[in-house]
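For reference, the structure is listed below as structure tokens.
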Amino acid sequence: MVKPRPAKQKAVQLTGQNQLVFNPQKEMYSPNDYQILAKVEAVGLCFSDLKLLKQFSEHVRKSEIVSGISQDVLAEIPSYVPGQKPAVPGHEVVVKVESVGSKVKDIRPGERYLVQADYRWVKTKNSNGAFGYNFEGGLQEYILVDQRVIISPEGQSTFIRASEDLSASAIALVEPWACVEQAYAVNERTMLKKDGRMLVVQDVPCQKKMFDSFVFKFGGSHDITFVSKDQPLPEGEACFDDVIYFGSNPDRIEKIFPKIASNGLINIVLCGGKLPQDVVVQIGRVHYGNIRIIGTTGSDPAQSMKYIPATGEIRKNNKINIVGAAGPMGVMHVVRNICQAIEGTAIFAADLDDTRLAALEKIAEPIAAKNKVTLKCFNPKKNPQNIEFDYSVLMAPVPALVCAAVANSADKAIINIFAGIPASVNAKIDLNRYIEKHLYFIGTSGSTINDMITVLKKVESRQLDTNISLGAVCGIESAIEGIKAVENQSISGKIIVYPSVENLPLTKLENLNEKFPKVAKALCNGLWCKESENILLKGEKNG
């Protein structure tokens, strides 16, 4: 017997900064001709949910849509909640479609879909629209989405058809694993932006012949603004795609950073000079604005360009430092990089929590042995590693960790700022060392549809078990407690919320046997799996 759709639904709502509420009577929406109503099977809790919790309307993805879709269409979508409107977080989601509008194509009731959260073609002022931010997310029983929003200009849908043979948790966890994949698979811009805007600031005069050769070689724009030493910078912010700075004046560089557009590049040409002090850098924009920083101690800006890596991928013989490795996302980075099986890889998994480190080692050591990768789990306070790293991955949004990574990096190292430091946050960086050592900051936010498809294929082919990162389960009534656990880092793995399981308390997998022995018995070698999930969903928790 089909359970009738409720008139109201349970949901977790964010009503302001640090204001999370459980609403057992949230309004249910009915789809119009272009919309899809889907039941949430499972949703993962993410550290990014905390960023939205702390920033609310100030988050770059909670602001109003300014382009990519008409305001008339947005007015038809009740689940579009920008600015101060209450939000429903949750962007790691798998759903089953309940009903669709008459003009919805290629999506049918009864089908299961993985939801890709980023609407990269629908722009806010400084980012893009996203499911779980300025569009309601998955911490509710049902979601409403509009097909006019979720289809990219290339015709790809953010609703990705998923297998019924897998646990809902395994599919929901594809989203964070895809974000990890994007952090390495991202293609870096190694040329000047064609048809972009360039700003050239000459505190030290540049040689015209050398500069013209540089622009010709790297395909730059003809829209170039030149500023000499005694001239002020142009007015306006975030308007230049490429900035070339000749000189070594920290104050000038600090004033230049706000001029860099999203996806922009700054090339600091020291011309034999040396910066007299650390420089305040808009470090949060590396992750959220995708800005990049390069430089040379010489006078030719072309010298800097050759040190831009083609992608964020780890390389042969890399010593990789993963900071915060035993947290939910850190585990994914460790396992992902082990499974690359690149010759000479040595992974240094750093975490301050010895209990979590032990849990990570238990999971990762057998995989490392199989792939012939060196793995060292360590507590940096108790056992610091006095070596220089070829690659650093930062799991916590702490500017001091970025500064430490610069100090501890080998020549040509990549520093992957994976954790989203807020776009408004700056840090004092030793740019002399950064430039002299040819270091490179990289940062990505979210994942692409193709990343999701890549990881989902790995999961469906049993090449990857995303459930390896699951640490606890709960119902929607306990989701706020789960978000607090993410904030307190009290659970080493990911937390999956099952909205259809009523009054399921937040339960770590290691405690299942105490509360739900039948579910615990169905675990697969201690890991969550489809069998244990099925028992939970059927209500056969005990016995």
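Sequential numbering from 1 along the given sequence is applied to the chain's residues. The figures here come from the full heavy-atom set of this structure, side chains too, leaving out hydrogens, waters and symmetry mates.
- Inspection of the Thr345 and Asn318 side chains reveals no N or O donor paired with an N or O acceptor under 3.5 Å.
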*Does the pair Tyr113 and Val94 meet the rule for a side chain to side chain contact (heavy atoms under 4.5 Å, CB included), with working shown?*
CA-CA 6 Å; Tyr113 289 90; Val94 58; over 6 Å; no

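- Residue pairs that meet the salt bridge (Lys or Arg N to Asp or Glu O under 4.0 Å) test with at least one member in residues 326-336, sequence neighbours left out, are Glu181-Arg336, Glu313-Arg336.
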_From CA spacing to verdict: ring-ring contact (aromatic ring centres under 6.0 Å, His included), Phe418, His287_ = CA-CA 7 Å; Phe418 182 79; His287 178 99; 7.0 Å; no

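- Under a 4.0 Å N-O distance rule, the pair Arg356/Asp351 qualifies as a salt bridge.
- Ion pairing of Lys85 with Glu64 is absent here, as no side-chain N (NZ or NE/NH1/NH2) approaches a carboxylate O to less than 4.0 Å.
- Heavy atoms from other residues, nucleotides or ligands lying under 6.0 Å from NZ of Lys319 number 12 at most.
- Heavy-atom neighbours of Glu237 CD from other residues, nucleotides or ligands within 6.0 Å: at or below the threshold of 12.
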*Stepwise, does the side chain to side chain donor-acceptor pair (under 3.5 Å) test hold for Ser167 with Asn467?*
CA-CA 9 Å; Ser167 65; Asn467 279 328; 3.1 Å; yes

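- Between the side chains of Arg148 and Ser70, no donor N or O sits under 3.5 Å from an acceptor N or O.
- Arg292 contributes no side-chain N or O that, together with a main-chain N or O of Arg189, makes up a donor-acceptor pair within less than 3.5 Å.
- Residues that satisfy the side-chain contact (heavy atoms from CB on, under 4.5 Å) test with Val398, not counting sequence neighbours, are Ala396, Ala400, Leu401.
- Inspection of the Gln340 and Asn371 side chains reveals no N or O donor paired with an N or O acceptor under 3.5 Å.
- The pair Glu41-Arg112 meets the salt-bridge criterion, with a side-chain N (NZ, NE, NH1 or NH2) lying under 4.0 Å from an Asp/Glu carboxylate O.
- Between the side chains of Tyr29 and Gln35, no donor-acceptor pair of N or O atoms lies under 3.5 Å.
- A salt bridge does not link Glu175 with Lys494: every distance from a Lys NZ or Arg NE/NH1/NH2 to an Asp or Glu carboxylate oxygen is 4.0 Å or more.
- Atom CG of Asn263 sits in a crowded spot, with more than 12 heavy atoms from other residues, nucleotides or ligands closer than 6.0 Å.
- In this model, no donor atom of one side chain and acceptor atom of the other lie less than 3.5 Å apart for Ser262 and Asn290.
- No side-chain donor from either of Tyr80 and Asp146 sits under 3.5 Å from a side-chain acceptor of the other.
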